[in-house]
Asker: 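To start, I am sharing the structure in question, which I have written as structure tokens.
In each ligand, atom 1 is the first atom listed, and ligand 1 is the first ligand listed. Small disclaimer: the values here were computed from a predicted structure and weren't measured. We use all heavy atoms of the structure for the numbers below, so side chains are in, but hydrogens, waters and symmetry mates are not.
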Amino acid sequence: MGNWKLNFNVGEASIYLHKLQKKIANYRDIEVVVAPTSLCLQPLSLQLERSKIKLGAQNAFYQDFGAYTGEISFAELRGLVDYCIIGHSERRYIFHEDDKMIAKKVAACIRNKITPVLCIGETESERSFGETADVIKDQLLGGLSEIGVEDVPKVIVAYEPVWAISSTKDAKIATPDEIAEVVEIIRANLKEVYGADISENVPILFGGSVKPTNAGAYLTTPGINGLLIGGASLILEQFTDIIEIAKRVK
Ligand code: PEP
């Protein structure tokens, strides 16, 4: 899944996707998703109507309609997108979204038949103070707190350590061992609260400075089912190289 953040206008996004469609025309067995800005979603959903590339939103508000100036809702996104990124660290730290708001967004997503990609991850200082397991537990269970157990299998979790995201100052590269350790914590929490079956089957993505050079190692990290890619998803060659690696790993 590529997170384009606040990049590419409608024209640029459309040209990129034309090229991407050609490059991955015969790919099966892996899901390719791009998350453009909200303004691009309507035209791109028409362009991608019969394509295997799926669309994701980057954010929406949890109320379906009403007096919420400036917002768009998951109800409006229904039918336009298959996925929505929720709780990205940029939403948590720049826009001050807390676990309560994120939980309401996860619920609104499910209510509107959109798969939430719930992002969780510790900051560098939280890690250095030994708080990683607590942060992960709080963000994971907090984010799921507004949905019932029957809806938890409809959620994708993305582990994105903030210190590894390329736009973070002095970002570091996470090792597969560091990731595997946190994935175990995520699955242990899911198991304790929702049972073994759900714990084993909830897909977990990794995100943080993913590049063609490290994508293979991350995709073969125990417990990881896919990748959430920021910077490298803006560069068509890098994104297609990563998709090619995913196809091979699969
Ligand atoms: C992200 O912000 O979701 C992300 C993973 O970014 P990058 O790949 O650029 O580190």
Asker: In terms of side-chain geometry, is the basic nitrogen of E97 or R91 positioned less than 4.0 Å from the acidic oxygen of its partner?
Answerer: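 Looking at R91 together with E97, the answer is yes, because their closest N to O distance falls below 4.0 Å.
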
Asker: Do Q21 and L48 come close enough that some side-chain heavy atom pair is under 4.5 Å?
Answerer: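 With C-beta onward as the side chain, the pair touches.
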
Asker: Please determine if D82 and K113 form a salt bridge, counting it only when a charged side-chain N lies under 4.0 Å from a carboxylate O.
Answerer: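 No salt bridge links D82 with K113.
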
Asker: Are the ring centres of F74 and Y62 closer than 6.0 Å?
Answerer: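 Here the rings of Y62 and F74 have centres that are no less than 6.0 Å from each other.
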
Asker: With clusters built from Ile, Leu, Val, Met, Phe, Trp and Tyr whose side-chain heavy atoms come within less than 4.5 Å, directly or transitively, what are the remaining members of the cluster of I85, listed by chain and number?
Answerer: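 Same cluster as I85: M1, V33, Y83, V117, I156, L205, L228.
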
Asker: Answer whether the closest heavy-atom distance between the side chains of F206 and L219 falls below 4.5 Å.
Answerer: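 No; the side chains remain at least 4.5 Å from each other.
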
Asker: Could you pull out every N or O of ligand 1 that sits under 3.5 Å from a protein N or O, with the distance for each pair?
Answerer:
from     : atom 1 : to   : atom 2 : distance (Å)
ligand 1 : 2 (O)  : K5   : NZ     : 2.5
ligand 1 : 2 (O)  : H88  : NE2    : 2.8
ligand 1 : 3 (O)  : H88  : NE2    : 2.8
ligand 1 : 3 (O)  : E160 : OE1    : 3.0
ligand 1 : 3 (O)  : E160 : OE2    : 2.9
ligand 1 : 8 (O)  : G230 : N      : 2.8
ligand 1 : 9 (O)  : S166 : OG     : 2.4
ligand 1 : 9 (O)  : G231 : N      : 2.8
ligand 1 : 10 (O) : S166 : N      : 2.7
ligand 1 : 10 (O) : S166 : OG     : 3.4
ligand 1 : 10 (O) : S209 : N      : 2.7

